[in-house]
Amino acid sequence: MKILIKNGHVIDPANGIDEITDIFIDNGEISEVGVDPDLNGVEMEVIDASGKIVAPGLVDMHVHLREPGQEYKEDIETGTRAAVYGGVTSVACMPNTSPVCDNEAVVTYIKSRAAEVGYANVYPIGAVSKGQEGKYLAEIGEMAFAGAVAVSDDGHPVENSGLMRRAIEYSEMFDVVVISHCEDMALGEGDMNEGAVATELGLRGISRAAEEVMVARDAIVAEAIGGRVHIAHISTKGSVDIIRRAKARGVRITCETCPHYFALTEDACRGYNTNAKMNPPLRTAEDVEAIKEGLKDGTIDCIVTDHAPHHPDEKECEFGLAKNGIIGLETSLGLGIKCLVKTGVLTMSQLIEKMSLNPSRILGISKGTLSAKHAADIVIFDPDKPWTVDISKLHSKGKNSPYDGFELYGKPEYVIVGGEIVINQGELMK
Amino acid sequence: MKHDLLGLENLSAEQIKHILDTAATMKEIVLSNNKKTPHLQGRTVVNLFYENSTRTRLSFELAAKYMSANAANISSSGSSVAKGETLVDTAETINAMGTDILVMRHSMSGAPHMISKLVDASVINAGDGMHEHPTQALLDMLTMIEHKGHIEGLKVAIIGDVYHSRVVRSNIYGLTKLGADVTVGGPSTLMPVDIAKMGVKAYDNVHEAIVDADVVMGLRIQLERQKKGLFPSIREYFRFFGVDEARLSLAKPDAIVMHPGPVNRGVELSTAVIDGDRSVITNQVTSGVAVRMAVMYLLSRGGF
Ligand SMILES: [Zn+2]
């Protein structure tokens, strides 16, 4: 199938492209970027992208697809369907499934299920430790050979610093990065951010120190052994500072944040709103400003959703009993445009870099680019066109989103995965 | 529209005064020989207690019965509450039973707020986690008015485990709205972050908190907090934070001593202070029934 995307504002940070031009897709791959008069008369699908952004498909390196084992929350089919509706053409899925993705067999299972039912590309992340118990290294080499692109005990911290050191050293041999969920459990017991709102609501506060202590530890461990580490979902001013200083010293550290850490504050928990309960918790306006600053100056490399679907029973309950996390695949681009691009924190090109190119580089996958001969994964959207979030109409099995009624921008109109149009004028094709 | 009492945070000073005035009338009934009024005849009051509290439950139960309501108790042992039924399920049951007033005690902050959205009955929060315990604060205020004549201008010192206390939060809302000056005191490990933003002065010692107080209120120390490392021992707690006669002498000479009960003797308050002539702890219990009668009565008549 041949597709010509005409007159779009093409943004491709990998190749420094930020201009109105055409893209020609042939046989599933990007054939060329540029206006080519020789294409006149060739039989092909034409997408008129006038007034729209044409960018590499988004790459979300922190997603919980819940399969195998927790299909009542989400599965690979529904999770990747939500992804493409959100313009996300590749996801890396966390291993806290049931069974835990801590061996070659589960990695292979996820890949084969994704090939069968997935709408987006799926890259499994293996566990750091067997059963994510934080005791013994999982078979990282075998998982890497089976296709795992990173390792993480996400959902849990690697509390044992010695194990973290070995994980960083060992993973490097197989060229997979360790993604660290930073949470000192003894400091982190609680329901929401520690501060005035928690005190008023009578909820147990989680100190910023719970996150920052472990961010600092991982920076120090990585520096000491010259290893590489990626910090998951940072939420505090302190974490941004620690990573900024580590990067300045040349430590091989990268990090991500999530839209909720720049779009919301702890105030969202008022009224015991369980859709504002997450881990790390929503912080304060000061932290939000620091997260934006970190995105702007490059301290924060990427934006991920930490898409965490839950069953309604797990959220329609007492705040203290509610599960942590929110869905995010269909709102991340819109929140990025609204909170970062429209406010001048990032240019559109920088947003695409953080939502597509940078995560691809960190994971070492050949995505996030419109370079010729690369699989044609593309998102097309109008960044000035508003849309209103209606959570009942989102496509994840989970409806646990705090953004109901939010006005966002740039709902994806076309999404192309491997040269196939998956979303056409906002509608799913298959 | 139904009316609830979920906390004092969202009540105005006028509404609180109205409840207290009504409670003063109810107290005459409680102290009389004929404790029976027809105020809630034909109404059903359900006490749904997820935490054991014989005193509070009994207080609500008597309040309902004195006003001729049908009162039933559901407690966490011996019912579906213990069997993993969700609050949503419980709410359906409460609705199906034709409940008029639901009194709820729960260990989780916000649980009554959640159930109030699901049930037709008026919900009274009888204590939710570390959040609010509005009828306790109302009975405390009624007791203060009886002994001091007014709330405005009083200095109220609340000493103990402020972090975990729903009593303190409701008292802060109620007392500050009525113009009292509230100080809280206790070990820094039991003091929540930014408590001062609720409009109080916070001290990590008893002396400063208690100086010139008109009212000294002890808060219950849960002995299991010690195991979580929040303070080293009961002995040390009492030595530095217990209210004994020497510390009480820093308060005004006519200061009254209160406690939401049950008191740990020799922990929050010394035995001499508990049994001393400034203690009004038993009067608080009587006020409790009156306040709960007033709240139920007003809720059944369209709110405050
Ligand atoms: Zn995590």
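The sequence lines fix the lettering, A, B, ..., with proteins before strands; numbering per chain opens at 1. Note: hydrogens, waters and symmetry copies are ignored here, and every other heavy atom, side chains too, is used.
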Check whether any side-chain N or O of A:Arg204 sits under 3.5 Å from a backbone N or O of B:Met130 as a donor-acceptor pair, and report yes or no.
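Answer holds: no.
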
With a 4.5 angstrom heavy-atom cut-off, is it the side chain or the backbone of B:Glu9 that approaches chain A, or both, or neither?
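For B:Glu9, the contact with chain A is made by the side chain alone.
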
Tell me, side chain or backbone of B:His106 under 4.5 Å from chain A's heavy atoms, or both, or neither?
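The side chain, not the backbone.
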
Measuring centre to centre across the rings, with the benzene-like ring taken for any Trp, is A:Tyr272 within less than 6.0 Å of B:His131?
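Yes, the ring centres sit under 6.0 Å apart.
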
Reported [atom1]-to-[atom2] distance for the pair [X] and [Y], which is rounded to 0.5 angstrom:
X: B:Tyr50; Y: A:Glu318; atom1: OH; atom2: CD; value: 7.0 Å
X: A:Glu194; Y: B:Asp194; atom1: CD; atom2: CG; value: 8.5 Å
X: A:Asp313; Y: B:Asp89; atom1: CG; atom2: CG; value: 7.5 Å

Just so I understand: if I count every heavy-atom pair under 4.5 Å between each of A:Ser207, A:Gly320, A:Gly195 and chain B, which residue has the most?
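Looking at each option in turn, the highest pair count goes to A:Gly195.
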
Check [X] against [Y] and note the closest heavy-atom contact, atom names and distance.
X: B:Lys197; Y: A:Ala196; value: CD-CB, 3.7 Å
X: A:Gly271; Y: B:Lys117; value: O-NZ, 4.1 Å
X: B:Met198; Y: A:Thr199; value: SD-CG2, 4.1 Å

What I'd like to find out is whether the side chain of A:Leu203 reaches to under 4.5 Å of the side chain of B:Ser109, using heavy atoms alone.
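Yes, their side chains come closer than 4.5 Å.
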
Do B:His113 and A:Phe319 have side chains that approach each other closer than 4.5 Å (heavy atoms only, starting at C-beta)?
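When only atoms from C-beta onward are counted, A:Phe319 and B:His113 do not touch, as no gap falls below 4.5 Å.
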
Counting only heavy atoms not in [X], do more than 12 sit closer than 6.0 Å to its [atom1] atom?
X: A:Lys399; atom1: NZ; answer: yes
X: A:Lys237; atom1: NZ; answer: no
X: A:Lys397; atom1: NZ; answer: yes

If we define contacts as heavy-atom pairs under 4.5 Å, which of B:Gly110, B:Gly7, B:Pro192 has the most with chain A?
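Winner by heavy-atom pair count: B:Gly110.
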
